[in-house]
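Quick notes on the structure that follows.
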Amino acid sequence: MATAAVVIGLVGFGWLTLFQIALAAGAPIGHLAWGGAARVLPNGLRVASALSVLLALLGLLAIAEAGGVIAPVLPDGWLRPVLWGLAGLFGLSVLANLFGARGAERLHGVPLALFCAGSCLALVLA
């Protein structure tokens, strides 16, 4: 199960990283994020997407470290709290996308957040 969680987590956080980079760069996929109101995000939300890249990269790093894909990078004792924090944050994101989003944003956001939250939870409990 841990191997599946690692693969799912790397795919989920990898996609989230690329998605947020594209949003920050002005790609016309804004209907899939941040409320879906704008095809191309306004500057404030583009900055938020750029900052979200850092969170997605932290997720990639934590999953890769937990799965033994990379040598430990996080300071000693940080991996489990980071995984718990990401599981909680993306668990809330599942709920926000499920109940607050509509249409394409929901179809994209719910599975992506489930992949990220579920993989972190599975690895922290393994």
Side-chain angles (χ1 to χ4, degrees):
M1 173 145 127
T3 302
V6 171
V7 171
I8 290 168
L10 291 175
V11 168
F13 281 107
W15 171 249
L16 181 61
T17 301
L18 295 174
F19 178 66
Q20 293 294 349
I21 289 170
L23 286 168
I29 55 175
H31 64 287
L32 297 174
W34 303 110
R39 191 168 158 261
V40 174
L41 296 180
N43 287 339
L45 290 178
R46 289 172 72 175
V47 169
S49 280
L51 293 174
S52 294
V53 170
L54 300 175
L55 182 66
L57 288 172
L58 176 63
L60 267 176
L61 181 72
I63 295 289
E65 185 174 318
V69 176
I70 62 170
V73 177
L74 294 170
D76 285 343
W78 281 39
L79 182 58
R80 288 183 58 80
V82 166
L83 287 171
W84 274 117
L86 290 169
L89 178 66
F90 284 94
L92 291 173
S93 182
V94 169
L95 296 175
N97 280 290
L98 191 59
F99 297 111
R102 291 186 237 138
E105 183 183 14
R106 180 181 292 160
L107 290 174
H108 175 259
V110 171
L112 179 56
L114 275 172
F115 284 0
C116 293
S119 61
C120 289
L121 187 60
L123 288 169
V124 80
L125 294 176

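In this chain, residues are counted from 1 in sequence order. All values derive from a computational prediction rather than experimental measurement.
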Donor-acceptor contacts under 3.5 Å from residues 51-77 side chains, at least two apart:
from  : atom 1 : to    : atom 2 : distance (Å)
Ser52 : OG     : Ala48 : O      : 2.9
Glu65 : OE1    : Val73 : N      : 2.8
Glu65 : OE1    : Leu74 : N      : 3.0

May I have the list of side-chain donor-acceptor pairs in residues 23-31 shorter than 3.5 Å, sequence neighbours left out?
none

Which atom pairs, one a donor and one an acceptor, fall under 3.5 Å between side chains of residues 113-122 and the rest of the protein, sequence neighbours left out?
from   : atom 1 : to     : atom 2 : distance (Å)
Ser119 : OG     : Phe115 : O      : 2.9
Ser119 : OG     : Cys116 : O      : 3.1

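Val11 and Val6 fall into different hydrophobic clusters, where Ile, Leu, Val, Met, Phe, Trp and Tyr are joined by side-chain heavy atoms under 4.5 Å apart, directly or via other members. By the rule that hydrophobic residues join a cluster once side-chain heavy atoms approach within less than 4.5 Å of another member, Leu125 and Leu10 end up as members of one cluster.
Checked against side chain to side chain donor-acceptor pair (under 3.5 Å), Ser93 has the following partners two or more places apart in sequence or in another chain: Asn97. For Gln20, the side chain to side chain donor-acceptor pair (under 3.5 Å) partners two or more places apart in sequence, or in a different chain, are Ser49. Pro81 meets the side-chain contact (heavy atoms from CB on, under 4.5 Å) test with no other residue; sequence neighbours excluded.
Pairs engaging residues 57-105 under the ring-ring contact (aromatic ring centres under 6.0 Å, His included) rule: Phe13-Phe90 [sequence neighbours left out]. Within the structure, side chain to side chain donor-acceptor pair (under 3.5 Å) contacts touching residues 4-19 (residues at least two apart or in different chains) are Trp15-His108.
Minimum heavy-atom separation, Leu16 to Leu112: CD1-CD2, 3.9 Å.
Its side chain outside the 4.5 Å cluster rule for every partner, Val40 clusters with none of the Ile, Leu, Val, Met, Phe, Trp and Tyr residues.
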